[in-house]
Amino acid sequence: MTLTIATIVGSLRANSNSERIARAIAAEAPKALSFDIVQIGDLALYNPDIDETSAPAAWTAFRKRIKSSDAVLFVTPEYNRSVPGALKNAIDVGSRPYGQSAFAGKPAAVVSSSMGPISGFGANHHLRQSLAFLDMPTLQQPEVYLGGVNDSWFDADGRLSKDDTRAFIGQFAAKFADWIERTAPRA
Ligand SMILES: Cc1cc2nc3c(=O)[nH]c(=O)nc-3n(C[C@H](O)[C@H](O)[C@H](O)COP(=O)(O)O)c2cc1C
């Protein structure tokens with residue numbers, strides 16, 4: 001059985017490290033996992049007034065993609081010791097209307113990265129705070145904090161060229177697959 005992983009990248013930047021890491025996770029993961037990178041850059045800032053009258057098509061499409069997935073993987077950089085605004089907005093959009101959260105009950109995992117040594121720790125844990133409120137069972141171990149990430153980590157095709165990190169994220173993805181099997185809502 002194939003499990004679809006809605007993959008939300010916290011960076012909107014072309015050639016983002018986070019997106020290249022997300023693609024590396026997909027490449028190293030067990031074949032049973034299929035990663036669907038869900039774009040968040042076209043989601044208007046969340047406003048409940050608009051949601052009540054004329055929810056933008058991009059919000060509706062985003063919610064559908066999350067709802068139809070088996071689990072959600074977040075791969076994010078840290079902005080000012082927290083999650084980037086675009087990612088927080090995507091979480092807000094997916095969490096509403098009240099009582100109809102697309103995220104509720106979906107197993108989740110968090111990967112953070114940074115060019116610097118702190119490895120997105122602040123973003124990782126602020127995100128985990130939201131995921132607790134969203135009732136998303138979130139993989140605890142292994143934690144994935146990737147520090148010192150820069151272009152030298154990737155080859156000309158954007159593939160991760162560090163063997164040790166590839167092995168680590170492969171182990172992480174295998175644990176995530178087990179976690180989804182253990183925690184996914186049963187029909
Ligand atoms: C607005 C902004 C705030 C940032 N704040 C932090 C920060 O708090 N901690 C950190 O380690 N890096 C910070 N950075 C650097 C990012 O970690 C770095 O740009 C990273 O490569 C972004 O990920 P990406 O390649 O996926 O876009 C910040 C970058 C921006 C644009």
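Remember, it's a predicted structure, so these values are computed and weren't measured experimentally. Read the numbers this way: they start at 1 and go in the same order the structure lists the ligands and their atoms.
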Student: Using the ring pair (Phe, Tyr, Trp, His ring centres under 6.0 Å) criterion, which residues pair with Phe133? Sequence neighbours excluded.
Tutor: none
Student: Side-chain heavy atoms under 4.5 Å apart, restricted to Ile/Leu/Val/Met/Phe/Trp/Tyr: what other residues fall into the cluster of Val9, or is it alone?
Tutor: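 Direct or chained contacts put Val9 with Ile37.
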Student: Indicate if Val75 and Leu87 have the same hydrophobic cluster label, given that clusters are the connected sets of ILVMFWY residues with side-chain heavy-atom separations under 4.5 angstrom.
Tutor: no
Student: Just say parallel, tilted or perpendicular for the rings of His125 and Tyr145, cut-offs at 30° and 60°.
Tutor: parallel
Student: I'd like the residue list for ligand 1, meaning every protein residue with a non-hydrogen atom under 4.0 Å from the ligand.
Tutor: Ser11, Arg13, Ser16, Asn17, Ser18, Pro77, Glu78, Tyr79, Asn80, Arg81, Ser114, Met115
Student: Give every donor-acceptor pair under 3.5 Å between a side-chain atom in residues 48-56 and any protein atom, sequence neighbours left out.
Tutor:
| unit_1 | atom_1 | unit_2 | atom_2 | d |
| --- | --- | --- | --- | --- |
| Asp51 | OD1 | Arg63 | NH1 | 3.2 |
| Asp51 | OD1 | Arg63 | NH2 | 3.4 |
| Asp51 | OD2 | Tyr46 | OH | 2.6 |
| Asp51 | OD2 | Arg63 | NH2 | 2.9 |
| Thr53 | OG1 | Asp49 | O | 3.3 |
| Thr53 | OG1 | Ile50 | O | 3.3 |

Student: For Ser18 versus Thr76, what's the shortest heavy-atom pair and its separation?
Tutor: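 Result for this residue pair: OG-C, 3.9 Å.
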